[in-house]
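So the structure is just underneath, and the comments pick up after that.
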Amino acid sequence: MSEVRVRIAPSPSGNLHIGTARTALFNYLFAKKNNGKFVLRIEDTDAERTSQEYIDNIFDSLKALGLNWDEGPDVGGAYGPYTQSERFDIYPKYAQKLLESGYAYECFCTPEELEAEKEEATKNKKPYVYTKKCENLTEEQKAKLRAEGRKPAIRFNISKAQKAFHDTSILKFDDLVKGELHMDTSLLGDFVIMKSNGTPTYNFAVVIDDMLMKISHIIRGEDHISNTFKQILIYEALGAEVPRFGHLGMILAPDRSKLSKRHGATAVSEFVEKGYLTEALINFVALLGWSPSDGQEIKTVDEIAQDFRIGDVSSSNSIFEYDKLNWMNGHYIKMLDIEDLKERLKPYLTKYDLSEMTDAQYTRMVEVTREPLTILSDITDAVPYFFGETVEIDPKAQTEVLDTEVSQNVLKEFVKQAEGWSFDEETLHTKLEAFRAQFKELGIKPKITMWAIRVAVTGRTCGADMTAILAILGKDRVMKRVKMAMK
RNA sequence: GCUCCCAUCGUCUAGAGGCCUAGGACAACACCCUUUCACGGUGUAGACGGGGAUUCGAAUUCCCCUGGGAGUACCA
C-alpha cells in the first residue's frame with residue numbers, strides 16, 4: 001500500500017471541540033503507528049461562520065495536546081494550500097469534469113421550489129428526495145432560465161454513478177472500525193456539489209481536497225456515515241482511488257445528548273482554563289473507545305501510538321463523565337515535575353502576592369498543597385492562609401474549635417513553648433510531636449490539639465501539613481495569629 | 001416519517017463459542033494509615049436490555065423487539 005496519509009479537517013466556526021480533539025488524536029495515533037503523515041486542513045468554506053480567532057484556537061489547542069501535524073496551513077506541504085477558502089479556484093474544474101461526463105447536472109430550482117417539495121413530502125409522510133426535475137433540461141431551457149437571471153447550482157447524479165460502478169443500488173464499503181456498511185443509494189437524493197454562488201458544498205470540497213492531498217484513510221465521527229456513501233460515488237465518478245474510511249462512535253453528555261455548552265466545557269481551551277492538564281485530557285479522551293492491551297491506562301500519546309490499532313476502537317458511543325477525568329487530572333498533577341507545576345499554578349494564584357515568598361517557600365507551599373488538587377484552579381482556594389499577616393477565621397471553625405476551652409488551653413501552652421522554638425521543619429516536627437504527646441497525657445486527642453493550632457493559624461479545619469505551614473509562615477506570623485485567636 | 005449505526009457493572013471498558021461462578025479502571029461504600037482534608041493501602045457492592053434460533057455448550061453467531069445515537073440543507 002502507498003503511504004498512509006490521514007487528516008483532521010476542522011471547521012473554524014468555534015473553538016476546538018473536545019470531540020474533534022479525540023478524532024484528531026485517533027488520526028494522529030493511526031499515522032504514528034503506521035509511519036504515516038498527519039495533515040491539518042481548515043474547512044472554512046462557510047465564510048459567515050469562520051473567524052481568525054477560531055483558527056488560532058484550533059492551532060493552539062492541537063499543539064497544546066501534542067498533536068503536531070506534518071502538513072498544514074502554517075507549515076505548508078506538497079499538497080497545499082491547506083485552507084479551503086484558498087482553494088476555491090480548483091473546485092469548479094472538477095465540477096465541470098463531472099458535468100461533462102454526465103455525473104452531474106445543473107439545477108435551476110429556487111430555494112422556494114425546493115422548500116415546497118419538501119413540505120409536500122413531509123405532508124404525505126414520504127421521505128424527501130430531490131425530484132431530479134432538472135436532470136434532463138435542454139440547452140434551450142437552460143438558456144431561457146439563465147436569461148431570467150437564474151444561476152444554477154450543480155447536482156451530483158447519484159443513480160447514474162451508482163449504476164456505472166455497481167451492480168445494484170446497494171453501495172457497500174468496509175469500514176475500519178465498524179466492518180461492512182451498506183446503504184441503498186436510491187434513497188439518497190441528488191445533492192448539490194456546487195452552490196449557485198459558485199462555491200463548493202462540504203461533500204464535494206472534502207472529496208476534492210482529500211483526493212488531491214492523497215489522503216489514504218479517513219477517520220472521523222460516525223455522523224459522517226451517510227456522507228461517506230455520497231463521497232465514495234464522487235471518487236468513483238472522478239476516476240479516483242477511494243480511500244479507506246473509519247467511523248468513530250460519538251462522545252455524548254451524561255444525559256446521552258450531544259455534548260454542548262449546557263453540559264459545561266466543550267472546547268479544549270475551556271478545559272485548559274479550568275485547570276485541566278492537556279496530558280490528562282488527551283489520555284482520558286483516548287480511553288473513550290480505546291483501551292490499552294496491558295491494562296495500564298495512564299499513558300502518553302506516544303506510548304498509546306505503539307499499542308494502537310484502529311480495528312480495536314469501539315464502535316459504540318461513549319459518555320463523557322467528569323469523574324474519571326478528574327481523577328486522572330489529579331493523578332497527572334501529582335506526577336508533574338515540581339518546577340513545571342509551580343509555573344502552571346501561577347495563573348491561578350494571581351489574587352495573592354507571590355513576592356511575599358521566597359522561591360523556596362513557594363516550592364514548599366506547592367509541595368504540601370498539591371496532593372488534593374483535582375484541577376489546577378483548586379489551588380486558589382487552597383492557599384489563602386499562606387499570605388498576609390492575619391487570617392480570616394471560618395465562623396464554624398471559630399465556634400466549634402477556637403471557642404472551646406481545650407483549644408484555648410492548647411493555644412496558651414503553644415505560645416509559651418513555641419516562643420523558644422526554631423521554626424525549621426525538622427525542629428517543628430519533633431517539637432510538635434512532643435507537644436501532642438503532652439496533651440495526650442491529659443486525655444486530649446492529638447487531633448484536637450492540632451486542630452486548635454490549625455484553626456488559629458489558617459482559619460480553617462483542614463489544609464496542608466501543619467509543620468510545613470508553620471515553617472513557611474515563620475515564627476512572627478504564627479505567633480501573631482495564635483495570639484489573635486486567644487481570648 | 002424514512003435510512004443508517006450502536007447495545008457488558010452508574011460511567012469508560014476487557015471479553016472475538018467452552019479459560020466467565022464475566023476481569024480492570026473511575027465513582028460509591030467499609031476498614032486501615034494518619035496532626036485535619038486528602039493521598040495511599042485493603043476489601044465490599046455492582047453488568048451481559050428482552051424474546052426466539054443455531055449448538056453438546058452463547059456475553060460471544062443469526063433473527064425479531066426494545067432502547068439509545070446519527071443522518072435526512074445551495075451548514076460543515
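Convention: sequence-line order gives letters A, B, ...; per-chain numbering from 1. Just so it is clear, the model here is predicted, and its values are computed rather than measured.
Ranking B:C6, B:U13, B:A27 by closeness to the A:Ser316 side chain, first place goes to B:C6. The listed nucleotides are B:C5, B:C39, B:C12; the one nearest the side chain of A:Lys324 is B:C12. Of the listed nucleotides (B:U35, B:C2, B:G69), B:G69 has the atom at the smallest distance from the side chain of A:Leu252.
At a threshold of 4.0 angstrom between heavy atoms, the contacts of A:Asn326 with the nucleic acid are absent. At a threshold of 4.0 angstrom between heavy atoms, the contacts of A:Met183 are confined to the sugar-phosphate backbone, with no base atom among them. Counting any heavy atom pair closer than 4.0 Å across all strands shown, A:His182 reaches sugar-phosphate atoms only and no base atom. A:Lys445 comes within 4.0 angstrom of no nucleic acid atom, judged by non-hydrogen atoms across all strands. If you check every strand for non-hydrogen atoms under 4.0 Å, A:Leu181 touches sugar and phosphate atoms only. Note on A:Arg49: a base of the nucleic acid sits closer than 4.0 angstrom, heavy atoms only. Heavy atoms of A:Thr201 sit under 4.0 angstrom from primed sugar atoms or phosphate atoms, though from no base atom. As judged by a 4.0 angstrom heavy-atom cut-off over every strand, A:Thr467 is placed among the base-contacting residues.
Atom name P, nucleotides B:G50 and B:G10: the rounded distance is 13 Å, in whole Å.
A 3.5 Å limit on both hydrogen-bonding distances identifies B:U44 as the Watson-Crick or G-U partner of B:A28.
Aromatic rings from A:Phe173 and A:Phe229 are positioned such that their centres are separated by under 6.0 Å. Not less than 6.0 angstrom separates the ring centroid of A:Tyr130 from the ring centroid of A:Tyr128. For A:Trp327 and A:Phe284, the ring centers are positioned 6.0 Å apart or more.
Distance A:Trp290 CH2 to B:A25 C1': 13 Å, rounded to the nearest Å.
Atom CD of A:Glu426 sits in a sparse spot, with 12 or fewer heavy atoms from other residues, nucleotides or ligands closer than 6.0 Å.
Contact annotation: A:Lys195 side-chain N/O to B:C75 OP1/OP2 distance is under 4.0 Å.
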